[in-house]
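Quick note on labels: first sequence line is chain A, next is B, and so on, each numbered from 1. All figures in this text were calculated on a predicted structure; none of them were measured in a lab.
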Amino acid sequence: MLKLNNISKSFQTDRIETIALSNINLHIEKGEFVSVMGPSGCGKSTLLNIMGLLDQPSEGNVAVDDKAIESYQDKHITGLRNEKIGFIFQSFHLIHDLRVIDNVELPLLYRNISAKERKALAAAALEKVGLKARTHHYPTQLSGGQQQRVAIARAIVGKPEILLADEPTGNLDSHMGDEIMKLLESLHQEEQATIVMVTHDEEMAKRTGRTIRVFDGQLVH
Amino acid sequence: MFLHLLKMIWNRKRSNSLIIAELAIAFIVVFALSVLAIRNYNLYQIPLGYNYENMWRIQIMPTRSWDETKDEDTLLQIIGAVKQQPEVEKIHLLSNPTFRNWRGTSSVTIDGQEIYYYRNRFDDKAAETFGMTLNDGRWFGPQDSNQNYSPVLVNQEFVDMYYPNESVIGKNIADPEIEDNREMRIVGVYQAFRQFGEFSAIVPYVFTRSDIQKPGRMLGIEVKLKPNADDSFEQRVLEILKSLAPENNYSIASWESQRDRQIRETTIPLTIFSIIASFLIIMVAMGLFGVLWQNVTSRTHEIGLRRALGATALSIHKQIIGELAIVTMIGVSIAFLILVQLPMLGVFQELDWSLFWISLLASLVFMLTLAGLCGYYPGKIATNYSPSEALHYE
Amino acid sequence: MFSNYIITAWNVFLRRKFFTFINLFGISITLTVLMVVSTIADGYFYPTGPEKNIDNIRVINRLVLTNDEHSHTNSSRLGYKFIKDNISRLQAPELISINSGTQMTAIFNQGRKSKLLVKKTDNVFWQVLDFSFVDGRPFTQNEFESGQFVAVINQRTQKELFGEESAIGKNVSFDNQNFNIIGVVDNVSAVEETALSDIWVPYTTNATSGYQQETMGRWDAILYHSDPEILEQANQEYIHMLKNDVILETPEKLTEAYSGAYTKLESLSREMFYEEYSYDTHEQMFISVMIGLVLLFMLLPSINMINLNVSRIMERASEIGVRKSFGASTKQLLMQFIVESILLTLIGGVIGILLSIFIINSIEASGIIPYAMFSFNFRIFVVGLFLVLIFGLVSGVYPAYKMSRLNPVTALKGGF
């Protein structure tokens with residue numbers, strides 16, 4: 001369902017060219033729970049950004065549902081991001097000016113859905129992550145774990161085909177981290193969600209179906 | 001430290017350039033305001049050179065041009081009639097009235113020097129009645145009648161401007177170009193006669209003599225009234241004048257009321273300008289404050305790093321205010337390059353170098369104070385970040 | 001979708017009260033200044049009093065006479081003789097009124113002094129201007145020609161001299177003459193300089209006829225035609241006359257005459273860019289200078305708001321990153337930020353309009369401009385709206401454009 005073919009990525013700075021990824025071939029099947037591991041700076045976040053169509057590879061191509069991405073022009077990929085992909089970030093990235101419910105319905109804003117339906121879907125997503133009571137709070141009024149659960153609700157509200165999580169437990173203590181992990185596991189088992197998760201934690205990685213190791217921009221088997 | 005701050009500013013030049021532009025324009029506004037305030041304050045401090053209390057002017061407004069023979073007789077009749085009123089203490093002639101912008105100017109070239117001056121005309125005893133001060137020579141007197149010269153009185157500014165370090169008594173300032181021109185002999189120097197009021201510039205000013213027995217074309221009569229005069233004087237005099245010479249219109253006004261009107265006319269536009277300028281400056285101050293605040297918040301990471309590397313709270317505070325001070329100075333320097341053109345090119349006659357530098361200094365102090373105030377609170381927020389918290393924040 | 005932009009914008013304003021306040025302060029004060037100025041200008045150029053038929057009249061109120069070498073020049077209002085000898089010969093105008101400038105006159109009433117403006121006119125004056133009479137009538141051709149001592153006064157004069165009583169049939173005395181009051185009109189705003197006065201009497205009541213010999217003097221002529229186009233022809237005809245067959249009798253033997261039958265805009269711009277020996281009024285230059293001044297005044301608030309908005313939007317870099325990750329397009333984000341700034345300027349605009357109404361009312365009450373009555377009309381509203389939109393776009397579009405194009409990965413890092 002998500003294929004990376006011969007992906008390379010290099011960053012051009014003033015004087016030097018840094019190679020972040022080289023020759024990556026990767027295939028994520030529907031319903032998989034994959035973890036990505038590797039030391040800092042190995043390129044795993046870049047890999048996730050390329051999977052999420054946030055970043056453009058220097059070489060190779062990405063195929064979603066067997067269709068290769070031909071153009072990274074704004075109008076071509078915004079729709080794909082919106083419908084196919086759900087993001088979960090290490091530092092939550094909730095919009096502080098918006099209430100919890102408005103944060104969750106955000107992906108639906110960019111589709112043609114009535115306000116009433118949006119609210120209903122967002123409320124359902126919040127219920128799934130167990131935060132129904134916090135619907136009308138502002139993000140800053142919540143604990144870190146709760147904020148991350150709001151972020152997960154936001155990621156799943158649009159029923160994307162794949163969830164991309166960048167160290168979702170990295171900013172949380174072990175207890176809260178465990179709760180978030182359980183939530184992801186239940187999404188995987190009950191809703192058959194496809195999840196790709198970057199993590200530093202071997203224990204977390206063990207709980208996923210498959211672990212990909214990245215070292216110096218390359219996959220290690 | 002200074003170079004380090006400069007480097008920081010340069011690296012953020014894109015976002016700083018708009019702030020610098022804003023500060024430069026704000027500085028120009030502050031400068032304009034201080035020039036106006038300082039200039040008018042200074043002028044207001046200088047004595048008028050005469051007293052306006054109990055002085056009234058009767059203005060004659062003919063509906064046709066002056067007739068040499070007929071109208072002089074009429075004027076003498078008018079003077080005679082006004083003199084007889086019980087309230088009248090003294091009566092004089094003055095060509096251009098006080099506190100109004102009626103002006104006469106002349107320009108002559110004498111010994112290669114262009115002498116430009118304002119002129120007016122009054123009779124022998126007028127200077128004493130107006131309360132003017134004599135610095136040198138004498139006032140006009142009967143000895144000036146039927147002479148082959150016309151006597152003139154000049155003010156101190158005239159002497160300081162054209163004949164410094166020289167005695168001017170007896171000097172001739174007639175225009176040599178005009179034939180049949182009687183010698184204009186300076187007989188006295190008086191301190192000042194600021195015809196245009198407290199907010200007017202100090203200008204060279206010359207009085208020529210008018211003989212109240214043979215006044216010639218004169219359309220204003222100055223009357224000093226006893227302190228208890230009331231409206232009935234005005235009504236009575238208007239009726240008498242209208243019956244003496246119905247072809248003219250007349251108006252009577254006290255010097256004091258003209259002075260009030262002139263001060264109002266000067267201060268109203270200044271007040272409006274000051275209010276608008278103050279709002280602009282408040283706007284800039286608040287904007288600057290807001291930008292700095294956000295700037296500090298978004299630089300939490302950098303500040304935390306500096307703290308972790310051993311910067312004290314004070315040095316962080318100094319850094320924030322120091323950066324702002326440098327940005328302000330850059331803005332001020334740009335504004336300075338624009339403003340310095342004004343006195344260099346002589347765009348405004350009134351803006352001389354001393355006024356320019358004083359106003360510049362005042363505006364600079366003001367702008368730096370303003371910048372300091374705007375930077376104080378954001379700087380304080382920055383010092384409150386603990387290194388660990390600041391580094392964690394991402 | 002659109003309502004969402006507005007709801008989001010509203011939330012942002014409420015959450016960031018301080019920045020909302022600074023923005024609103026800047027917008028509303030700037031707009032207030034511009035609105036007050038344009039309301040006064042509107043009152044001046046589109047009068048609502050006796051000069052409301054402004055398109056049908058042209059005023060000649062300045063004359064420059066000079067000799068061939070320009071070594072001797074007189075400049076003042078017109079003399080009566082000049083009007084009779086020259087302006088009366090014009091073919092194009094339907095009506096020509098002759099009247100004197102106003103004269104501040106002391107009027108004594110039971111020992112109390114009032115200072116009032118007196119204007120001396122002909123009977124045509126009442127036809128070319130559209131006075132509204134609250135009582136009585138204007139003077140007739142017959143009364144004017146036979147030099148009857150009749151007067152029209154304004155309401156302020158009636159109140160000052162007679163209190164609440166009707167003034168019709170009573171007398172008003174000044175300059176040793178006694179006038180019978182036959183009409184009372186509304187007060188005329190001081191911005192309507194041609195109509196302005198407190199008392200109007202026929203100039204045929206002048207005590208002597210000396211004024212009839214003057215080439216330069218204190219008189220104005222008003223040209224009237226029901227078709228504004230023909231008035232422009234009248235101006236051409238007048239200037240042609242001045243150039244070719246002007247009749248001048250002056251002791252100094254002056255031969256060249258410069259003058260014109262100008263609209264209000266032309267008169268104003270001629271005064272500003274005064275050129276003695278020319279018929280040109282430079283109104284194009286005048287308009288450009290005015291627009292330039294307005295832009296200059298708007299410069300500082302605009303830069304201030306751009307600065308604020310840039311840093312306000314920069315701070316929201318991570319929000320932009322999130323929105324982009326979840327599928328917001330550049331266009332949608334651009335819209336979002338533009339709606340935010342336009343909504344903010346609209347709110348500022350409403351405050352600005354309320355403030356200007358307050359200030360205009362204060363100006364009317366203070367008497368700085370005597371009898372001024374300004375009104376907010378559709379024109380002013382359009383000007384205000386236009387200014388608001390300009391502001392919103394200037395201050396919002398550049399930062400919004402800059403931010404909406406951010407790469408989502410960098411935006412998420414909060415970087416720029």
*Would you mind reporting whether B/M283 and C/P301 have side-chain heavy atoms less than 4.5 Å apart?*
yes

*When C/L300, C/I306, C/T30 are compared by non-hydrogen pairs under 4.5 Å with chain B, the top option*: C/L300

*Among the options C/L299, C/V33, C/D175, pick out the one with the most heavy-atom pairs lying under 4.5 Å from chain B.*
C/D175

*For atom OH of B/Y376, is the number of surrounding heavy atoms from other residues, nucleotides or ligands below 6.0 Å larger than 12?*
no

*Near C/K115 NZ, under 6.0 Å, is it more than 12 heavy atoms from other residues, nucleotides or ligands?*
yes

*Are B/E22 and C/N307 linked by a side-chain donor-acceptor pair shorter than 3.5 Å?*
yes

*Can you tell which part of C/Y211 gets under 4.5 Å to a heavy atom of chain B, answering side chain, backbone, both or neither?*
both

*For C/Q213, is it the side chain, the backbone, both or neither that has a heavy atom under 4.5 Å from a heavy atom of chain B?*
neither

*Go through B/E247, B/R264, B/E234 and name the one with the most non-hydrogen pairs under 4.5 angstrom from chain C.*
B/E234

*B/G287, B/P62, B/P246: which one forms the most heavy-atom pairs within less than 4.5 Å of chain C?*
B/G287

*Just by modelled atom types, is the C/Q103 backbone N or O under 3.5 Å from a matching donor or acceptor in the B/N249 side chain?*
no

Using non-hydrogen atoms and a 4.5 Å limit, figure out which bit of [X] sits close to chain C: side chain, backbone, both or neither.
X      : result
B/S243 : both
B/L18  : both
B/I252 : backbone

*Give me the ring orientation class for C/F19 and B/W293: parallel if the planes are under 30° apart, tilted from 30 to 60°, perpendicular past 60°.*
tilted

*Give the minimum heavy-atom separation between B/L238 and C/A106, together with the two atoms involved.*
CD1-CB, 3.8 Å

